[in-house]
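Notes for the one structure printed next.
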Amino acid sequence: MITVQEYLREKNCESDLADLICLIAEQAGPIRSAFISNQRYATSLNTSGEVQAEMDTWSDTHISKILAGSGLVSLIASEEQEKVFECRDSMGRYSVVMDPLDGSSLIAVNLAVGTIVGIYEGRSVLRKGNEMKAALYLLYGPMTTLTLSIGSGVALFSLA
């Protein structure tokens, strides 16, 4: 079995991009742990007009805070936010687009939900998907998995 870090080294992934991918993957544990204590619905709507679950807002706040503090990211666009968040103190090379918790209404019935992320190089999020440096999703189901593409195929990892 190969780890995410080993895979990224084997594929000669740029070190900052590899660090960002690993940082996002590390959030699977805290997000999954938060399912139990964040099962209510908020009174707010997301940018798609859907009622937000507590987990939607919790995941959005959690991931945004981690990314903004990493120094790797300059912009964050989230399905849960109307505006793109600028990481003012960061000189990061990457911009992130995300749905922090897709399918959150399924948590209450114990079905799989996920975190969807796209990573672009530069300070722009309104770009074509084929311009992404990486695309990934974390799936929280019977196993927690990471599905990742850095432009040369797709790799699947089971996360502990």
Side-chain angles (χ1 to χ4, degrees), residues 1-35 38 46-48 52 55-104 107 112-160:
M1 181 180 342
I2 187 170
T3 67
V4 174
Q5 294 86 349
E6 291 168 338
Y7 174 80
L8 293 169
R9 275 193 299 276
E10 183 181 289
K11 295 293 183 177
N12 296 315
C13 185
E14 301 167 12
S15 65
D16 282 353
L17 181 58
D19 290 347
L20 180 54
I21 290 167
C22 290
L23 180 65
I24 294 167
E26 289 167 4
Q27 303 321 302
I31 290 170
R32 188 171 184 125
S33 294
F35 287 166
N38 293 283
N46 66 16
T47 58
S48 301
Q52 290 177 309
M55 270 307 295
D56 289 318
T57 56
W58 188 92
S59 297
D60 181 58
T61 300
H62 175 75
I63 295 174
S64 294
K65 179 180 169 186
I66 296 294
L67 293 177
S70 73
L72 299 167
V73 175
S74 57
L75 297 174
I76 303 168
S78 170
E79 186 206 19
E80 304 304 326
Q81 301 294 323
E82 286 190 37
K83 295 183 179 183
V84 174
F85 176 75
E86 184 176 352
C87 306
R88 296 189 192 276
D89 297 331
S90 176
M91 298 300 292
R93 295 177 41 202
Y94 300 102
S95 296
V96 171
V97 294
M98 66 176 176
D99 183 345
L101 199 62
D102 187 55
S104 58
I107 294 170
V113 297
T115 298
I116 304 168
V117 178
I119 302 171
Y120 293 100
E121 189 166 18
R123 295 184 57 88
S124 176
V125 293
L126 298 176
R127 297 166 52 188
K128 296 178 183 177
N130 64 0
E131 295 178 18
M132 285 183 190
K133 295 292 284 184
L136 60 102
Y137 68 89
L138 296 162
L139 184 65
Y140 314 103
M143 291 190 314
T144 300
T145 59
L146 166 67
T147 303
L148 169 66
S149 177
I150 55 173
S152 58
V154 176
L156 179 66
F157 302 90
S158 293
L159 302 175

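Given the structure is predicted, the values throughout are model-derived calculations rather than measurements. Along the sequence shown, residues carry numbers from 1.
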Could you tell me which residues satisfy side chain to side chain donor-acceptor pair (under 3.5 Å) with Ser90, sequence neighbours excluded, listed by chain and number?
-> none
Using a cut-off of 6.0 Å, state whether more than 12 heavy atoms not belonging to Tyr137 lie near its atom OH.
-> no
Residue of the set Leu136, Ile63, Ile116 for which side-chain contact (heavy atoms from CB on, under 4.5 Å) holds with Met98 = Ile63
Pairs where residues 143-156 contributes a residue and the test salt bridge (charged side-chain N to carboxylate O under 4.0 Å, His left out) is met, not counting sequence neighbours = none
Take Tyr94 and Glu121, measure what side-chain contact (heavy atoms from CB on, under 4.5 Å) needs, and give me the verdict at the end.
-> CA-CA 5 Å; Tyr94 300 102; Glu121 189 166 18; 4.2 Å; yes
Taking all heavy atoms of Cys13 and all of Ala18, pick out the closest pair and write down the distance.
-> SG-N, 3.8 Å
Contacts of Asp102 that satisfy side chain to side chain donor-acceptor pair (under 3.5 Å) - sequence neighbours left out | none
Evaluate the side-chain proximity of Val73 to Phe85: yes if any heavy-atom separation is below 4.5 Å, no if none is.
-> no
How close do Ser124 and Ser95 get, heavy atom to heavy atom, and via which atoms?
-> N-OG, 3.4 Å
Hey, is the main chain of Pro100 close enough, under 3.5 Å, to the side chain of Thr115 for a donor-acceptor pair?
-> yes
Got a list of side-chain donor-acceptor pairs under 3.5 Å for residues 150-160, not counting sequence neighbours?
none

Sorted by chain and residue number, the side chain to side chain donor-acceptor pair (under 3.5 Å) partners of Arg32 (sequence neighbours excluded) come out as Thr144
Residue pair Ile2 / Glu10: nearest heavy atoms and the distance that separates them = CD1-OE1, 3.6 Å
Apply side-chain contact (heavy atoms from CB on, under 4.5 Å) to the pair Met132 and Arg127, showing each step before the final yes or no.
-> CA-CA 8 Å; Met132 285 183 190; Arg127 297 166 52 188; over 6 Å; no
If only atom types and distance count, is the side chain of Gln81 paired as donor or acceptor with the main-chain N or O of Ala77 below 3.5 Å?
-> no
Do you know the tightest heavy-atom contact between Ile76 and Cys87?
-> CD1-SG, 3.9 Å
Any sub-3.5 Å donor-acceptor pair from Ser70's side-chain atoms to Leu67's backbone N or O?
-> yes
Taking only residues two or more places apart in sequence, or in another chain, which ones meet Glu6 in a side chain to side chain donor-acceptor pair (under 3.5 Å)?
-> Thr3
Correct closest heavy-atom pair for Glu80 and Asp60 would be CB-CG, 3.7 Å
List the steps and the verdict of side-chain contact (heavy atoms from CB on, under 4.5 Å) for Met55 and Ile31.
-> CA-CA 8 Å; Met55 270 307 295; Ile31 290 170; 4.0 Å; yes
